[in-house]
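Following: one structure in structure tokens, then a few remarks.
A note on names: the letters A, B, ... follow the listed sequences, proteins ahead of strands, and every chain is numbered from 1.
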Number of protein chains: 2
Amino acid sequence: MKIQQQEPLSKECIQQLRAIKDTMELLSGKWKIQIIGTLLRGGTMRFMELKRTLNGIAPKKLSNDLQELELNKLITRTVKDTKPITVEYSLTKHGKTLDNLIVEIIDWGLNHRKEIIKE
Amino acid sequence: MKIQQQEPLSKECIQQLRAIKDTMELLSGKWKIQIIGTLLRGGTMRFMELKRTLNGIAPKKLSNDLQELELNKLITRTVKDTKPITVEYSLTKHGKTLDNLIVEIIDWGLNHRKEIIKE
DNA sequence: GATACTAATTTCCTTTAGGAAACTATTAAA
DNA sequence: TTTAATAGTTTCCTAAAGGAAATTAGTATC
């Protein structure tokens with residue numbers, strides 16, 4: 001019987017798997033990419049503006065996702081001294097670097113749909 | 001008071017949101033990208049080879065994910081008439097088109113980690 | 001004084017993802 | 001005949017994601 005050796009993964013490979021995990025944890029879920037995409041297109045936006053544009057999101061979810069994106073330095077949150085108070089969200093420079101990736105995700109998805117439907 | 005009008009999303013925008021959803025549903029989860037990445041690097045592989053390489057995956061999960069990837073025409077499944085039977089999995093031409101996207105996901109993740117750690 | 005706007009938070013609930021362990025069925029080697 | 005390999009399936013369980021509705025709290029308009 002041939003004993004199957006499990007050769008340990010290279011350091012580089014482990015780093016790459018971690019990079020995939022990092023990216024996917026940030027982008028997974030129903031709303032995160034939509035929030036980023038909306039801010040990419042709309043620039044600076046308020047909480048209620050985002051809520052209206054992201055048709056159907058629950059305020060709890062929007063609040064949670066925004067906090068998580070802020071923690072990861074993808075967006076900034078600014079409280080304005082207006083009455084009633086308004087809070088402005090916009091992408092950081094780092095957040096804007098997701099643009100290319102999102103475009104690739106869209107392109108692949110469009111092509112995939114053609115591929116699945118055709119035969 | 002200003003009534004906020006909810007202008008309906010353009011047809012193009014709806015298509016793009018659907019494309020994001022399509023791609024992310026395929027790639028989300030703990031194992032799918034790892035399975036695709038493994039097959040990109042390893043070429044044709046058997047069930048147990050995949051299971052051993054994807055250190056820690058439960059056979060149920062591997063089986064389920066492979067079925068889903070096959071349904072979406074990203075991989076092919078071939079039963080070999082050996083004793084005991086072996087089943088070979090490999091990426092389709094369409095499945096291989098995920099290469100660029102995965103590379104982008106890795107690159108962004110590597111850069112993101114630098115960005116978060118630095119300050 | 002009642003209602004509505006701002007931006008959330010809290011509570012409760014359902015659905016989905018995924019892991020652990022046992023089991024099926026066939027074949028071959030010790 | 002016991003053990004181990006092939007490729008799964010089945011059952012049971014926990015944790016996480018996410019939705020619905022109510023609540024908070026300050027301000028402003030009717």
Results of salt bridge (charged side-chain N to carboxylate O under 4.0 Å, His left out) for A:Arg113 - residues two or more places apart only:
B:Asp22
According to salt bridge (charged side-chain N to carboxylate O under 4.0 Å, His left out), who are the partners of B:Glu68, at least two apart in sequence or on a separate chain?
B:Lys32
Ignoring backbone atoms, establish whether A:Gln67 has a side-chain N or O less than 4.0 Å from OP1 or OP2 of C:dA8.
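For C:dA8, OP1/OP2 do not have a side-chain N/O of A:Gln67 under 4.0 Å.
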OP1 or OP2 of C:dA8 sitting under 4.0 Å from any side-chain N/O of A:Arg77?
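For C:dA8, OP1/OP2 do have a side-chain N/O of A:Arg77 under 4.0 Å.
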Among B:Ile75, B:Leu91, B:Leu39, which residue meets the side-chain contact (heavy atoms from CB on, under 4.5 Å) test with B:Leu69?
B:Ile75
Over how many whole Å does the gap from [X] atom [atom1] to [N] atom [atom2] extend?
{"X": "A:Arg46", "N": "C:dT6", "atom1": "CZ", "atom2": "P", "value": "7 Å"}
{"X": "A:Leu27", "N": "D:dA17", "atom1": "CG", "atom2": "P", "value": "14 Å"}
{"X": "B:Leu62", "N": "D:dA7", "atom1": "CG", "atom2": "P", "value": "10 Å"}
{"X": "A:Leu54", "N": "C:dA7", "atom1": "CG", "atom2": "P", "value": "14 Å"}
{"X": "B:Phe47", "N": "D:dA7", "atom1": "CZ", "atom2": "P", "value": "7 Å"}
{"X": "B:Leu66", "N": "D:dT9", "atom1": "CG", "atom2": "P", "value": "10 Å"}
{"X": "A:Lys51", "N": "C:dT9", "atom1": "NZ", "atom2": "P", "value": "15 Å"}

Starting from the first five and the last five pairs of the helix from C:dG1-D:dC30 to C:dA30-D:dT1, work out the angle between the resulting helix axes, to 10 degrees.
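Inter-axis angle at the termini of the helix from C:dG1-D:dC30 to C:dA30-D:dT1: 20°.
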What side-chain donor-acceptor pairs closer than 3.5 Å can you find for residues 93-106 of chain B, not counting sequence neighbours?
{"unit_1": "B:His94", "atom_1": "NE2", "unit_2": "A:His112", "atom_2": "ND1", "d": "2.8"}
{"unit_1": "B:Thr97", "atom_1": "OG1", "unit_2": "A:Trp108", "atom_2": "NE1", "d": "3.0"}
{"unit_1": "B:Thr97", "atom_1": "OG1", "unit_2": "B:His94", "atom_2": "O", "d": "2.5"}

Counting primed atoms plus P, OP1 and OP2 as sugar-phosphate and everything else as base, spell out the protein contacts along nucleotides 10-22 of chain C at 4.0 Å heavy-atom distance: B, S or - for each nucleotide, 5' to 3'.
BBB-----SBB--
Pairwise distance CD(B:Gln16) to CG(A:Asp107) - rounded to 0.5 angstrom
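Reported value, rounded in 0.5 Å steps: 8.5 Å.
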Starting at NZ of B:Lys30, measure out to CD of A:Glu25 and round the result to the nearest 0.5 Å.
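Answer rounded to 0.5 Å: 10.0 Å.
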If you take any heavy atom closer than 4.0 Å to DNA chain C, which residues from residues 38-45 of chain A end up in contact?
none
What residues from residues 80-88 of chain B pass a heavy-atom cutoff of under 4.0 Å to DNA chain C?
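Those residues are B:Lys83.
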Contact check, side chains of A:Tyr89 and A:Arg77, non-hydrogen atoms, under 4.5 Å:
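Side chain of A:Tyr89 against side chain of A:Arg77, heavy atoms only: contact under 4.5 Å found.
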Compare the minimum distances between each of D:dT6, D:dT9, C:dA8 and the side chain of B:Ser63, then state the nucleotide with the smallest one.
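Side chain of B:Ser63 sits closest to D:dT9.
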How close do A:Leu66 and A:Leu50 get, heavy atom to heavy atom, and via which atoms?
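It is CD2-CD1, 4.2 Å.
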So that I can tick it off, tell me whether A:Arg52 and A:Glu49 are bridged by a salt bridge, with the cut-off set at under 4.0 angstrom between side-chain N and carboxylate O.
no
A:Thr76: which residues meet the side chain to side chain donor-acceptor pair (under 3.5 Å) condition with it, sequence neighbours left out?
A:Ser90
I'd like to check the side-chain contact (heavy atoms from CB on, under 4.5 Å) partners of [X]; sequence neighbours left out, ordered by chain and number.
{"X": "B:Lys80", "result": "B:Thr82, B:Thr86, B:Glu88"}
{"X": "B:Ile14", "result": "B:Leu9"}
{"X": "A:Gln15", "result": "A:Arg18"}

Give the table of side-chain donor-acceptor pairs shorter than 3.5 Å for residues 58-65 of chain A, with sequence neighbours excluded, one pair per line with atom names and distance.
{"unit_1": "A:Lys61", "atom_1": "NZ", "unit_2": "A:Asp65", "atom_2": "OD1", "d": "2.8"}
{"unit_1": "A:Lys61", "atom_1": "NZ", "unit_2": "A:Asp65", "atom_2": "OD2", "d": "3.3"}

